[in-house]
S.K.: 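Below is the structure I would like to discuss, written out as structure tokens.
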Amino acid sequence: MAILKVARMGHPVLRRKCSLIAPSQITGHKVQDLIRDMFETMTEYNGVGLAAPQVHNPVRLAIAGGEADADGNPRYRVLINPEITVLDEDRKLGMYEGCLSVPGLRGWVERPAKIRVKAYNEKGKLEEFTLEGFPAIVTQHECDHLDGVLYVDRITDTTKFAFEAEADRFLEHEDDDDDEDAEL
Ligand code: NI
């Protein structure tokens with residue numbers, strides 16, 4: 001187990017289109033070790049999600065949270081080679097996003113509120129599920145990382161791009177209520 005170094009904006013590894021992982025390799029040591037280290041790294045830095053390129057490993061693997069299990073505990077999904085289908089182009093959800101690779105900043109981003117996700121899980125099983133609301137935002141943010149896209153690329157109103165303290169003080173009150181300071 002290891003806490004990995006997180007790449008920050010400007011590092012080219014965050015701008016690459018990441019490579020697919022062969023499904024047969026998912027249960028192998030290399031991928032399993034990476035998943036474990038990514039969980040440890042995400043927990044250490046209070047992330048709600050983390051993508052492999054953020055830890056200098058440009059493969060199509062991400063961890064996405066924001067959901068709760070039946071007991072109300074946080075649920076994290078491992079997404080390998082994920083594919084997203086937007087289920088409702090018109091319904092958008094906006095929030096101030098943050099990113100462990102863009103420390104100290106927050107920016108207002110609007111994304112589709114409901115998506116269908118197809119991905120391999122950590123056991124190598126292909127899964128399909130629908131996400132709505134905050135978990136849908138987290139998953140889209142993480143999947144963007146796999147294509148070299150950062151949330152800052154999706155900010156359309158730069159007056160809503162601010163340092164965390166100023167965002168909390170002057171901007172946060174606007175519309176998003178439930179979703180806490182999310183580092184994705
Ligand atoms: Ni991020």
Side-chain angles (χ1 to χ4, degrees), residues 2-21 31 34-67 74-84 86 92-113 115 117 119 122 131-158 160-168 171-172 176 178-184:
I3 293 164
L4 304 172
K5 187 175 179 195
V6 177
R8 303 203 307 173
M9 182 168 61
H11 195 296
V13 75
L14 295 171
R15 293 309 196 173
R16 286 184 51 176
K17 189 163 169 64
C18 297
S19 314
L20 289 165
I21 293 175
V31 174
L34 176 59
I35 292 169
R36 242 193 328 271
D37 289 346
M38 282 175 61
F39 264 108
E40 197 175 352
T41 303
M42 186 183 71
T43 304
E44 172 73 14
Y45 296 113
N46 295 315
V48 180
L50 186 69
Q54 291 184 275
V55 291
H56 304 82
N57 209 323
V59 294
R60 303 189 82 77
L61 191 165
I63 301 171
E67 291 179 271
R75 176 180 183 182
Y76 296 91
R77 291 182 195 262
V78 173
L79 307 172
I80 297 167
N81 303 342
E83 287 172 30
I84 288 178
V86 174
K92 297 277 204 294
L93 176 62
M95 64 170 279
Y96 281 97
E97 294 189 16
C99 180
L100 292 174
S101 296
V102 191
L105 293 165
R106 290 283 183 273
W108 183 260
V109 176
E110 293 181 2
R111 301 179 187 267
I115 57 171
V117 185
E122 69 277 14
L131 293 176
E132 217 170 333
F134 183 55
I137 301 303
V138 175
T139 290
Q140 288 174 84
H141 176 118
E142 300 313 332
C143 290
D144 267 356
H145 275 301
L146 308 183
D147 290 323
V149 174
L150 299 175
Y151 83 83
V152 298
D153 306 333
R154 298 199 180 274
I155 296 172
T156 53
D157 178 356
T158 50
K160 292 182 169 185
F161 185 36
F163 290 100
E164 202 176 338
E166 282 74 11
D168 284 344
L171 302 175
E172 292 275 348
D176 69 324
D178 45 347
D179 295 315
E180 81 267 0
D181 284 329
E183 299 274 7
L184 307 174

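What you are looking at is a predicted structure, and each value in this text was computed from that prediction instead of being measured. Numbering of ligands and ligand atoms starts at 1, following listing order.
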S.K.: Work out which heavy atom in F161 is nearest to a heavy atom in G107; give both atom names and the distance.
M.R.: CD1-CA, 3.9 Å

S.K.: Once side chain to side chain contact (heavy atoms under 4.5 Å, CB included) is applied, do any residues pair with A7, and if so which ones, sequence neighbours excluded?
M.R.: H11, V13, L14, H56

S.K.: Hey, is R60 close enough to E142 for a salt bridge, meaning N to O under 4.0 Å?
M.R.: no

S.K.: My understanding is that only one of E67, Q140, R75 makes a side-chain contact (heavy atoms from CB on, under 4.5 Å) with P135; could you say which?
M.R.: E67

S.K.: Could you tell me whether the side chain of V55 reaches within less than 4.5 Å of the side chain of M38, counting heavy atoms only?
M.R.: yes

S.K.: Is the closest basic N to carboxylate O distance between E97 and R154 below 4.0 Å?
M.R.: no

S.K.: Could you name all protein N, O or S atoms found under 2.8 Å from the Ni ion (ligand 1)?
M.R.: C99 SG, H141 NE2, H145 NE2, L184 O

